[in-house]
Amino acid sequence: MSHNLYPPGPRTWPPIRLFWQMQRNTLPFLEGMARDYGDISYCRVGPRDIYLLNHPDFIHDVLVTNDRKFAKSLGLQRAKRLLGEGLLTSEGDYHLHQRRLMQPLFHRRQITAYGASMVKHAARLCDDQAEQGWQDGATLNMHAQMMQLTLGIIGETLFQQDITGEAQKVGVAMETLTRNFRRLLSPLAPLQDRLPTAENRRLRQSEAELERIVAHLISERRTQGGDQDLLSLLLMAHTNNDGASPMSNRQIRDEVLTLLLAGHETTANALTFTWWLLAQHPPVAKKMQQELDAVLGGHLPTVDDLEQLRYTRMVLAEAMRLYPPVWVIGRQALAEHTVGGYTIPAGATVLMSQWIMHRDARYYPAPQRFDPERWTPAAMATRPKFSYFPFGGGSRLCIGEHFAWMEGVLLLATLAQSWEVQLVNDTPLALRPAITLRPQQGVPLIVRRRASATSLV
């Protein structure tokens, strides 16, 4: 095809109108692009050329085969305001160096040591005699519960510190940050940041609160010492191969903040959506509980049980298909690149959306249906790799993927062995697609202790 031809897509004048449409209704906007214009579509949103790829082969081409021709998208570039040069936002050789530095702590063999901590934190919620334990018949904001749970786990496993007392402050800060993330994409963002508005004051307060928490983590580790956790590794690390230049406080801060936020927010969202789906599908919940009873026999799960908790993992995988915590990946073309018969110019933005791809009827018949049976080995073998990519792909594949799978299954197994959930009402779940896909508001669910449950603590 001619280099001068654009892929099909909506044509609206002036282009800024598409920006506001995309801002107000992001997920429906992307759904319409894929539905109406196919595997590759184009629109001009404000000053930017945007290409949406909606085919596994095209996504593989950008994320894997030609990943060096693309950089992080504008959204994550502007997220450096908060995250600095952390693993999520850094590029090139610096990113490669930091990833190699941290990779050993996320190796499969290493993260198995974290399993007992994950289960311990979940078991506290199972103990209805504990101060923070769930109470039979209580209505809980499941999103807040999962955020607090995963924050405590990240604090202990990666930083060897108890930060559960900071959970509410982190939650408020995260709520403020995600609410403002879309604003980072606005052409008017630099001007908006300088305005003396109440929202800007709240944003700066949230950033300062997170800075304080991270500074405390670093200070405590410097004082106490240690050599088995991520923070100790960063403190001992050197930026140069000759070992002459220790990492600056700023570099350490960037990595700690990135992992603190990314390491608990995504798993908390995935578990929240899983509970919400289980509350709507009692037969699925019953089948999962039957597996838990058969495999665990009333005992707390361990890492050794993961291989047998197949259906529990299938439930989590299906929840992340329907509600992927990472719902879109953006890249900026560093050079002209041809994909799907069209030439993407340098500087253009390429979007690849898990939300869209995971709901594609070509790979998932009746895609809106919650069906964990899609994740049997036989069913998975029929689908191409990038029809499902909740953790990204290529050189930027999430470093914590194995950690997240282990944590999700262990927490789900621990809690669902003793508890089941019910809907409070039939109000639809409103979503906020920001840095991650999260509920717009809280997710109220009624927790019920299973009649057959025994004490796990």
Side-chain angles (χ1 to χ4, degrees), residues 1 5-12 15 17-46 48-66 70 73-75 182 185 273 317-333 337-345 348-371 374 382-394 428-437:
M1 291 187 179
L5 291 179
Y6 289 110
R11 302 291 191 265
T12 301
R17 287 179 59 190
L18 277 182
F19 172 79
W20 297 121
Q21 291 177 20
M22 191 173 184
Q23 286 282 90
R24 287 195 301 269
N25 299 289
T26 305
L27 298 178
F29 181 88
L30 294 178
E31 289 171 345
M33 289 270 289
R35 180 189 64 245
D36 297 339
Y37 304 110
D39 291 341
I40 179 169
S41 53
Y42 165 84
C43 65
R44 187 168 180 81
V45 177
R48 290 182 290 141
D49 293 318
I50 293 181
Y51 293 75
L52 176 64
L53 306 185
N54 189 42
H55 192 282
D57 292 346
F58 300 165
I59 295 170
H60 183 276
D61 179 85
V62 170
L63 292 184
V64 181
T65 307
N66 294 286
F70 295 87
S73 65
L74 176 64
R182 289 188 188 184
L185 304 178
F273 293 131
E318 178 68 351
M320 287 197 293
R321 181 189 70 82
L322 281 168
Y323 298 98
V326 178
W327 60 278
V328 68
I329 293 176
R331 293 288 186 267
Q332 185 173 7
H337 180 69
T338 300
V339 62
Y342 293 96
T343 297
I344 298 173
T349 296
V350 177
L351 298 181
M352 298 149 286
S353 173
Q354 291 93 332
W355 175 267
I356 300 300
M357 200 72 257
H358 291 187
R359 291 166 175 251
D360 193 316
R362 292 174 294 182
Y363 313 108
Y364 304 100
Q368 305 293 333
R369 187 178 70 235
F370 178 57
D371 181 11
R374 301 181 198 271
T382 67
R383 296 190 294 265
K385 177 177 175 57
F386 279 93
S387 61
Y388 184 73
F389 56 116
F391 296 94
L429 184 64
L431 301 173
R432 177 184 296 164
I435 301 176
T436 61
L437 183 68

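Hydrogens, waters and symmetry mates play no part in the numbers below; they use all other heavy atoms, side chains included.
Interatomic distance, CG of L27 versus CD1 of I356, reported as 7.0 Å (0.5 Å rounding). One distance of note links CD1 of I59 with CG of L351; it measures 11.0 Å at 0.5 Å rounding. Note that the CZ atom of R35 and the CG atom of D360 stand 13.0 Å from one another [nearest 0.5 Å]. Here the CD atom belonging to Q354 is positioned 11.0 Å from the CE atom belonging to M320, to the nearest 0.5 angstrom. Rounding to the nearest 0.5 Å gives a distance of 5.5 Å between CD1 of I50 and OG1 of T349. Separation of atoms CD1 (I344) and CG (N66) is listed at 10.0 Å; rounding is to 0.5 Å.
The salt bridge (Lys or Arg N to Asp or Glu O under 4.0 Å) test with E318 is passed by exactly one of R359, R374, R369: R374.
The minimum heavy-atom distance linking T343 with T338 is given by the pair OG1-OG1, 3.1 Å. Between T26 and P433, the shortest heavy-atom contact is CB-CG, 4.1 Å. The shortest non-hydrogen separation linking P367 to L322 is O-CD2, 3.3 Å.
When side chains are defined from C-beta on, V64 counts as touching F386, because their heavy atoms get closer than 4.5 Å. Looking at heavy atoms from C-beta onward, W327 lies out of side-chain contact with L431 at the 4.5 angstrom threshold. At least one side-chain heavy atom of Y363 sits less than 4.5 Å from a side-chain heavy atom of P56. Between H337 and V350 there is no side-chain heavy-atom pair separated by less than 4.5 Å. The shortest distance between side-chain heavy atoms of H55 and R362 falls below 4.5 Å. Side-chain contact between Y42 and D49: present, with at least one pair of heavy atoms (C-beta onward) separated by less than 4.5 Å. Counting heavy atoms from C-beta on, the side chains of F273 and P324 never come closer than 4.5 Å.
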Report the C-alpha distance between F58 and M352 in whole Å, list the side-chain angles of each, state the deciding distance to 0.1 Å, and finish with yes or no for side chain to side chain contact (heavy atoms under 4.5 Å, CB included).
CA-CA 9 Å; F58 300 165; M352 298 149 286; over 6 Å; no
Could you go through the side chain to side chain contact (heavy atoms under 4.5 Å, CB included) check for W355 and L437 one step at a time?
CA-CA 9 Å; W355 175 267; L437 183 68; 3.8 Å; yes
Can you check side chain to side chain contact (heavy atoms under 4.5 Å, CB included) on R383 and Y388, steps first, answer last?
CA-CA 9 Å; R383 296 190 294 265; Y388 184 73; 5.7 Å; no
M33 and N54: side chain to side chain contact (heavy atoms under 4.5 Å, CB included), yes or no, with the steps?
CA-CA 9 Å; M33 289 270 289; N54 189 42; over 6 Å; no
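Judged purely by atom type and a 3.5 angstrom limit, S41 has no side-chain atom pairing as donor or acceptor with the backbone of P7. Within the 3.5 Å criterion, the main-chain N or O of H358 finds a donor-acceptor partner in the side chain of R321.
For F370, the ring-ring contact (aromatic ring centres under 6.0 Å, His included) partners two or more places apart in sequence, or in a different chain, are H281.
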